[in-house]
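Heads up: numbering here begins at 1 and tracks the sequence.
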Amino acid sequence: MITVPLDLVNYRAAAMSHAQALGLFEQVLDHEPVSAPGSGLIYALWVSRATPVPARSGLDTVSARLELTGRVFMPADTEPQGDVDVAVTGAVSALMDAYCGDFELGGSVANVDLLGAHGTALGAQFGYARLGSTTYRVATLTIPLIINDAWNEVA
């Protein structure tokens, strides 16, 4: 059986293009920032986990679940502060709508595991993060991708 190796460049580009097309973000980054990314709404995307998917695997190939992490950032002291949660929540909703609307990421994956059939579902957790001297209101998205026939089983 011919396998399809994990192609992070392609999957990440497809996920990032949805964020860019929304027109909501000052920056869309292809990595987790290690320093303060700036002001306004910012979105960053990186890989966080890869695991086999037993229910989708066969006798000679293994399907994979590649989990991307997306994070929406906005400085928590942005005025008016009451609008920060509104902006971050609106951005998360728009991103989740985009990923649900193209759950094969342009045909590059079997599907985004929207409802968690093979692990944690598409979702977001809200909180705060401090980078440098800036505290950000953040929403961390779990974007689980299912890829058929990623690895060969050989005895």
| Taking the side chain from T142 and the backbone from L122, do they hold a donor-acceptor pair closer than 3.5 Å? | no
dist S39:OG -> Q27:CD (nearest 0.5 Å) comes out at 8.5 Å
Rounded to the nearest 0.5 angstrom, the CZ-CG distance for F25 and L95 is 4.0 Å
Smallest heavy-atom separation, P75 atom then G40 atom, equals CD-O, 3.6 Å
### Donor-acceptor contact present, side-chain T89 to main-chain V86, <3.5 Å
no
Rounded to the nearest 0.5 angstrom, the CG-CG distance for D97 and L22 is 8.5 Å
Nearest heavy-atom contact between Y136 and P37 is OH-CD, 3.2 Å
Just do the side chain to side chain contact (heavy atoms under 4.5 Å, CB included) check on H31 and W46 with the steps written out, would you?
CA-CA 5 Å; H31 62 280; W46 63 90; 5.6 Å; no
Trace of the side chain to side chain contact (heavy atoms under 4.5 Å, CB included) decision for Y11 with I147:
CA-CA 10 Å; Y11 311 145; I147 298 98; 3.6 Å; yes
Closest heavy-atom pair, L6 versus A150, reported as atoms and distance to 0.1 Å, is CD2-CB, 4.0 Å
Query raised in the report: When you measure from the side chain of Y43 to the backbone N and O of L29, does any donor-acceptor pair fall under 3.5 Å?
Result: no
Here the gap from E26 atom CD to I42 atom CD1, rounded to the nearest 0.5 Å, amounts to 7.5 Å
OG1 (T140) and CD (Q125) are apart, to the nearest 0.5 Å, by 7.5 Å
Q. Looking only at atom types and distance, does a side-chain atom of T61 sit under 3.5 Å from a main-chain N or O of W151, one as donor and one as acceptor?
A. no
> Backbone N or O of L141 within a donor-acceptor pair of the R71 side chain at under 3.5 Å?
Replying inline: no
- Worked verdict on V138 versus Y128 for side chain to side chain contact (heavy atoms under 4.5 Å, CB included): CA-CA 5 Å; V138 298; Y128 292 89; 5.6 Å; no
Just by distance, do the side chain of D113 and the backbone of H118 share a donor-acceptor pair under 3.5 Å? yes
Looking only at heavy atoms, the pair that brings L131 and S35 closest together is CD1-O, 3.9 Å
Given V72 and L41, is the side chain to side chain contact (heavy atoms under 4.5 Å, CB included) satisfied, shown in steps? CA-CA 7 Å; V72 175; L41 275 173; 3.7 Å; yes
Exactly one of I143, T69, L66, L68 clears side-chain contact (heavy atoms from CB on, under 4.5 Å) with S48, and that residue is T69
#### Entry: Exam field: side chain R137 to backbone A129, donor-acceptor pair closer than 3.5 Å
no
**Item:** Any donor-acceptor N/O pair, S57 side chain to S63 backbone, under 3.5 Å
**Value:** yes
Report task. Using distance alone, with no hydrogens and no angle criterion, decide if R65 and T51 have a side-chain donor and acceptor under 3.5 Å apart. Result -> no
Cut-off 3.5 Å, no hydrogens considered: what does the side-chain donor-acceptor table look like for residues 100-110, sequence neighbours left out?
| unit_1 | atom_1 | unit_2 | atom_2 | d |
| --- | --- | --- | --- | --- |
| D102 | OD1 | L105 | N | 3.4 |
| D102 | OD1 | G106 | N | 3.0 |
| D102 | OD2 | H18 | NE2 | 2.9 |
| D102 | OD2 | G106 | N | 3.1 |
| S108 | OG | L105 | O | 2.8 |

